[in-house]
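A short worksheet on the structure shown next.
Source: prediction; values computed, not measured.
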Amino acid sequence: ANTKNMFRIIQSIPSKKAEPFKQWLAQVGYERVEEIENPELGQERIKEYYELKGYPKEWIDKRLRGIAIRQELTDEWKNREIKTENDFAILTNEISKATFGKTVGEYKEFKRLQKKNQNLRDHMNDLELIFTMLGEASTTAITKEKDSQGFEECKDSANKGGNIAKHAREDLEENLGKSVISEENYLT
C-alpha cells in the first residue's frame with residue numbers, strides 16, 4: 001500500500017491504540033484546510049519544518065525564495081505548452097547542466113543523495129541555492145522576453161538562463177580561488 005492507503009487503513013482500525021494516530025491525521029488535515037484559506041500559514045509551517053530539521057534561518061529564507069522563483073518558472077513553462085513531468089525534468093536539467101555542469105541526477109549522486117524523494121535543493125549550500133535561483137530567474141526572464149513557445153524554444157531559454165548563472169558562478173569561484181559546488185549535504 002502507498003502512504004495514502006496506509007492512512008486510510010489506519011483510519012478504519014477500530015482500536016483505542018490507533019486513536020492517537022487518527023487524532024494526528026485529523027490535526028494535519030485541519031492544518032491543510034487552514035493553509036488553503038490562508039497560504040501564509042503554510043509558509044510558516046514550512047519554516048518550522050526546516051528549523052526542526054536544523055537548517056539555519058538565513059538558509060531557510062533563501063530556500064523559500066528559491067521555491068517562489070521555481071514556481072514562477074514552472075508557471076511560465078505551463079503557459080508555453082510544457083505539459084509533461086518529463087519535459088519539466090529535461091528543462092530543469094538544461095539549467096542545472098549549464099549552471100553547474102551536472103544534471104540534477106548527477107548532482108544528487110555527487111552529494112551522495114540516495115532516495116528519490118530527497119530534494120537536491122534541500123542539500124545545497126547558500127551559494128548553490130543562489131546560483132540555482134539565478135539560473136531559474138534568468139530563464140524565466142529570457143523565456144518572457146523572447147516569448148519562447150514550445151519545448152525547443154523553452155529549452156534554448158533554459159540553456160541561456162543556466163549559462164548566465166554559470167558565468168556568475170565561475171567569476172565568483174575565480175575570485176574565491178575555490179569551487180562553490182560542494183559535496184556537503186544536510187543528511188547529518
Side-chain angles (χ1 to χ4, degrees), residues 2-5 32 35 39 42-43 46 49-50 53 55 59-174 178-187:
N2 62 27
T3 304
K4 179 182 173 185
N5 290 337
R32 294 307 159 265
E35 290 169 9
Q43 189 172 20
I46 291 170
Y49 296 149
Y50 278 122
K53 289 181 172 187
Y55 290 94
W59 182 94
I60 295 168
D61 292 340
K62 286 180 195 73
R63 180 67 178 102
L64 293 177
R65 182 67 187 127
I67 291 169
I69 288 169
R70 173 69 183 177
Q71 187 64 54
E72 184 180 355
L73 174 60
T74 57
D75 287 348
E76 200 61 43
W77 282 341
K78 286 175 189 172
N79 292 333
R80 296 170 186 280
E81 305 306 314
I82 306 304
K83 302 293 180 201
T84 69
E85 280 186 40
N86 191 48
D87 286 348
F88 281 94
I90 291 168
L91 294 175
T92 301
N93 274 331
E94 281 298 310
I95 298 169
S96 181
K97 280 191 300 190
T99 304
F100 299 109
K102 301 175 188 316
T103 65
V104 173
E106 291 166 344
Y107 213 150
K108 283 178 132 181
E109 195 173 300
F110 175 73
K111 286 192 172 277
R112 301 173 315 282
L113 304 180
Q114 295 169 353
K115 294 181 184 173
K116 284 187 176 186
N117 65 347
Q118 288 177 316
N119 189 309
L120 174 61
R121 295 160 202 249
D122 286 351
H123 296 277
M124 289 181 161
N125 64 35
D126 283 2
L127 289 173
E128 289 169 314
L129 281 175
I130 290 167
F131 288 115
T132 298
M133 286 188 277
L134 177 59
E136 291 183 339
S138 298
T139 298
T140 302
I142 292 166
T143 299
K144 288 178 178 178
E145 187 62 33
K146 293 192 175 286
D147 194 23
S148 303
Q149 297 294 328
F151 180 78
E152 288 304 322
E153 289 182 15
C154 287
K155 186 176 177 184
D156 183 60
S157 295
N159 187 275
K160 288 177 179 168
N163 274 306
I164 289 168
K166 171 189 174 183
H167 295 304
R169 177 185 59 81
E170 287 175 342
D171 189 33
L172 177 61
E173 288 174 340
E174 185 178 314
K178 65 179 184 176
S179 177
V180 299
I181 301 170
S182 170
E183 289 181 313
E184 291 181 9
N185 57 48
Y186 287 93
L187 292 176

Sorted by chain and number, sequence neighbours left out, side-chain contact (heavy atoms from CB on, under 4.5 Å) with N93 holds for T103, V104

Using the side-chain hydrogen bond (donor to acceptor under 3.5 Å, both in side chains) rule, pick out the option among E128, K97, H123 that qualifies with Y107. E128

Scan residues 150-163 for pairs that pass salt bridge (Lys or Arg N to Asp or Glu O under 4.0 Å), counting only residues two or more places apart or in two chains. D156-K160

Can you sort out the partners of F131 under ring pair (Phe, Tyr, Trp, His ring centres under 6.0 Å), two or more places apart, ordered by chain and number? none

Drop me the distance from D87's CG to T92's OG1, to the nearest 0.5 angstrom. 10.5 Å

Hey, could you give me the CG/CD distance between L172 and E170, rounded to the nearest 0.5 Å? 11.0 Å

Among all residues two or more places apart in sequence or in another chain, which pass the side-chain contact (heavy atoms from CB on, under 4.5 Å) test with T3? F7

I'd like to know if the side chain of K102 reaches the main chain of S96, judged simply by a donor and an acceptor atom lying under 3.5 Å from each other, with no hydrogens or angles considered. no

By ring pair (Phe, Tyr, Trp, His ring centres under 6.0 Å) - contacts of Y55 (at least two apart): Y50, W59, Y186

Sorted by chain and number, sequence neighbours left out, side-chain hydrogen bond (donor to acceptor under 3.5 Å, both in side chains) with S179 holds for E173

Using the test side-chain hydrogen bond (donor to acceptor under 3.5 Å, both in side chains), find all partners of S148 that sit at least two apart in sequence or belong to another chain. S157

Does K83 use its side chain to pair, donor to acceptor, with the backbone of K78 at less than 3.5 Å? yes

Please report the interatomic distance CD1(I46) to CD1(I67), rounded to the nearest 0.5 Å. 5.5 Å

Counting only heavy atoms not in R32 (residues, nucleotides, ligands), do more than 12 fall under 6.0 Å from its CZ? yes

For Q149, check side-chain hydrogen bond (donor to acceptor under 3.5 Å, both in side chains) against everything at least two apart and list the hits. D147

By salt bridge (Lys or Arg N to Asp or Glu O under 4.0 Å) - contacts of E136 (at least two apart): R70, R121

Taking atom types as modelled, is there a side-chain donor on N163 or N159 under 3.5 Å from an acceptor on the other? yes

Taken in chain and number order and not counting sequence neighbours, the residues that satisfy salt bridge (Lys or Arg N to Asp or Glu O under 4.0 Å) with K146 are none

Can you name the residues that form a salt bridge (Lys or Arg N to Asp or Glu O under 4.0 Å) with D122, not counting sequence neighbours? R63

In chain order, what residues pass the side-chain hydrogen bond (donor to acceptor under 3.5 Å, both in side chains) check against K62, with sequence neighbours excluded? D126

Under 3.5 Å, side chain of R169 to main-chain N/O of V180, donor-acceptor pair present? no

Heavy-atom side-chain contact between T139 and W77 under 4.5 Å: yes

